[in-house]
Amino acid sequence: MPIETSIRIAAWPATDALLVAVPYDRDLAPDLAPGIADLPFPVAGLFAEYKAKGAAGEIIEVPVARGEDVGRVLLYGVGDGDPAALRKAGAAVVRRAKGRESLSVVLPAGEVAAFVEGVLLGAYTFRIGENRTTAVAEVEFAGAGVEEQVRRGEVLARAVALARDLANMPASVKTPIWLAERAGEHAGEHGVPVRVWDEEELRAEGFGGIVAVGQGSVHPPRLIQLSYEPADPDGRHVVLVGKGITFDSGGLSLKPTENMKTQKTDMAGGAVVIAVLGALRELGVRTRVTGLVAAAENMISGTAQRPSDVITHYGGRTVEVLNTDAEGRLVLADALAYADAELEPDAVVDIATLTGAITVALGRGVGAVYASDDDLAGDLVAAGGETGDPLWRMPLIEDYTPALESSVADLANVEQGSTYGAGSITAALFLREFAGKRPWAHLDIAGVGRSTVDEGIFTKGATGYGVRLLLSWLSR
Ligand code: BES
Ligand code: MN
Ligand code: ZN
């Protein structure tokens, strides 16, 4: 379910509002709007009593009389007021208002869009069945000249929420066909045409990796292409490629239950691509963008691919499948090869929950970027830092390329043995073989794609990591 909170903009909060949030900074200087200024306690005494520091996420609640009713003023800290602090502050405010009909927020100074993002993402929930939503129904943002920023924050937050919704959906519903339908619907609403290859077309056109990964499932694979044409193009063309494994059982190289039960989110990269393509027009992006989502369900059955099978990818390269659980790179290889051969992009960026190994290296807070081009890597890292989707550049270590040698095919999909190790790096080296000579970057989001906590802007489950990063990069 998308964000259920609706928003509105006002000059100042109504004087009889029952729940009002007011910012204060590190000097403990609150921005008390007219009508709520008469707090029943002296502000300095209040801050002293609560040992307030002005940190982002800190909230002090003050009961106030509203005629016969009792209202509350939430004084919220904004820390140093940078976008990361404002995101955190916004999430803290909306979480404190859970279950309320309405909340009126005096906007902080600075990057209002980041604050609005925090409010809306902090209110995000995913629940199936009887609608026990606790999200605040309506938030009023009070400020002057803030329309554009509030709007931008809302577009970004709703795009992130869509990516979360798609990834959180159980795989019993979310088949490749379902994902293609959702992509078509969503993109259609935003003037972005969609083309979908079914399994026969995929086989006929040589997408051997997508076909092989999908062949064990009763739900056939799909390749989804979304084509954004800007009204006022800048002449650049970017291709985004998302891993769209709707469930990753591991295939015949079966995962243990503990590792399998999170794998409905193995299409998180594809969800990001769909969400990004739907937001480009509203954000006025001038670059032409093509999204590709390689969607398949990696299952076991009598028709599943076997360890030792050899597949032929788009463009003719052969790969020996030594581990059917290294399936992401197989579907991405086809899409990357197709983008290089047919789409003439100026840059290609793929995004994928590709390896458990990257979680060992970078943990759950920072995503990995590998790139064949320093400028592209630098731009993505910068965009990640600004938007709160932090990225760390990882090396494509040339000495490890023998890890992917096969005795029977052009490449093997995993290393036989563990001479080289470095599972996320060797996966990136595999993808590089299919990306061609154009600037290419690969984001491994296996660590950051899911959150284990319900806190701040995150809800347990899918995070939508990458949506804000890519939208910010494409909006430059
Ligand atoms: N989808 C997984 C990666 C993953 C693991 C994502 C944990 C999110 C959380 C991927 O398809 C996979 O199974 N990778 C293998 C690769 C190995 C077989 C070389 C892995 O990481 O173990
Ligand atoms: Mn796998
Ligand atoms: Zn996978």
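In this text, all values refer to a predicted model and were calculated from it rather than measured experimentally. Just so you know, ligand 1 is whichever comes first in the structure, and atom 1 is the first atom listed for that ligand. When a residue number appears, it is its place in the shown sequence, counting from 1.
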Answer yes or no for Arg182 and Trp178: cation-pi contact, defined as NZ/CZ to six-membered ring centre under 6.0 Å and angle to ring axis within 45°.
yes
What protein heavy atom lies closest to [atom]? Include the residue and the distance to one decimal.
| atom | result |
| --- | --- |
| atom 15 (C) of ligand 1 | Asp325 O, 4.0 Å |
| atom 7 (C) of ligand 1 | Gln263 NE2, 3.5 Å |
| atom 21 (O) of ligand 1 | Gly356 N, 2.7 Å |
| atom 2 (C) of ligand 1 | Asp248 OD2, 3.5 Å |

Less than 4.5 Å apart, side chain to side chain, heavy atoms only: is that true for [X] and [Y]?
| X | Y | value |
| --- | --- | --- |
| Gln225 | Thr290 | yes |
| Ser6 | Glu138 | yes |
| Gln263 | Asn259 | no |

For Leu354, which part has a heavy atom under 4.0 Å from ligand 1: side chain, backbone, both, or neither?
backbone
Could you tell me if [Y] and [X] have a donor-acceptor pair between their side chains, going purely by distance under 3.5 Å?
| X | Y | result |
| --- | --- | --- |
| Tyr228 | Thr287 | no |
| Thr246 | His219 | no |
| Asp350 | Tyr370 | no |
| Asp334 | His313 | yes |
| Asp165 | Tyr124 | yes |

Just going by heavy-atom distances, which of Lys243, Arg450, Arg329 is nearest to atom 16 (C) of ligand 1?
Arg329
Any idea which atoms of ligand 1 are less than 4.0 Å away from a heavy-atom of [X]?
| X | result |
| --- | --- |
| Thr353 | 1 (N), 2 (C), 3 (C), 6 (C) |
| Val414 | 19 (C) |
| Asn323 | 18 (C) |
| Glu327 | 11 (O) |

Short N or O distance, Thr262 and ligand 1, threshold 3.5 Å exclusive
no
Under 3.5 Å between any N/O of Ala446 and any N/O of ligand 1: does that happen in this structure?
no
Sidechain N-carboxylate O distance under 4.0 Å for Arg151, Glu282
yes
Tyr338 and Trp197 aromatic centres sub-6.0 Å:
yes
What about the rings of Phe458 and Tyr465, do their centers lie closer together than 6.0 Å?
no
Does the protein place a non-hydrogen atom closer than 4.0 angstrom to atom 11 (O) of ligand 1?
yes
Which atom of Leu254 lies closest to which atom of Ser249, heavy atoms considered:
CD1-O, 3.5 Å
Give the ring-plane orientation class for His442 versus Trp440, where under 30° counts as parallel, over 60° as perpendicular and anything between as tilted.
parallel
The Mn ion (ligand 2) to nearest N/O/S of Asp266 less than 2.8 Å:
no
For Lys255, is the nearest heavy atom under 4.0 Å from an atom of ligand 1?
yes
Rounded to 10 degrees, what angle sits at the Mn ion (ligand 2) between Glu327 OE1 and Asp248 OD2?
100°
At distances under 2.8 Å, what protein N, O or S atoms surround the Zn ion (ligand 3)?
Lys243 NZ, Asp248 OD2, Asp266 OD2, Glu327 OE2
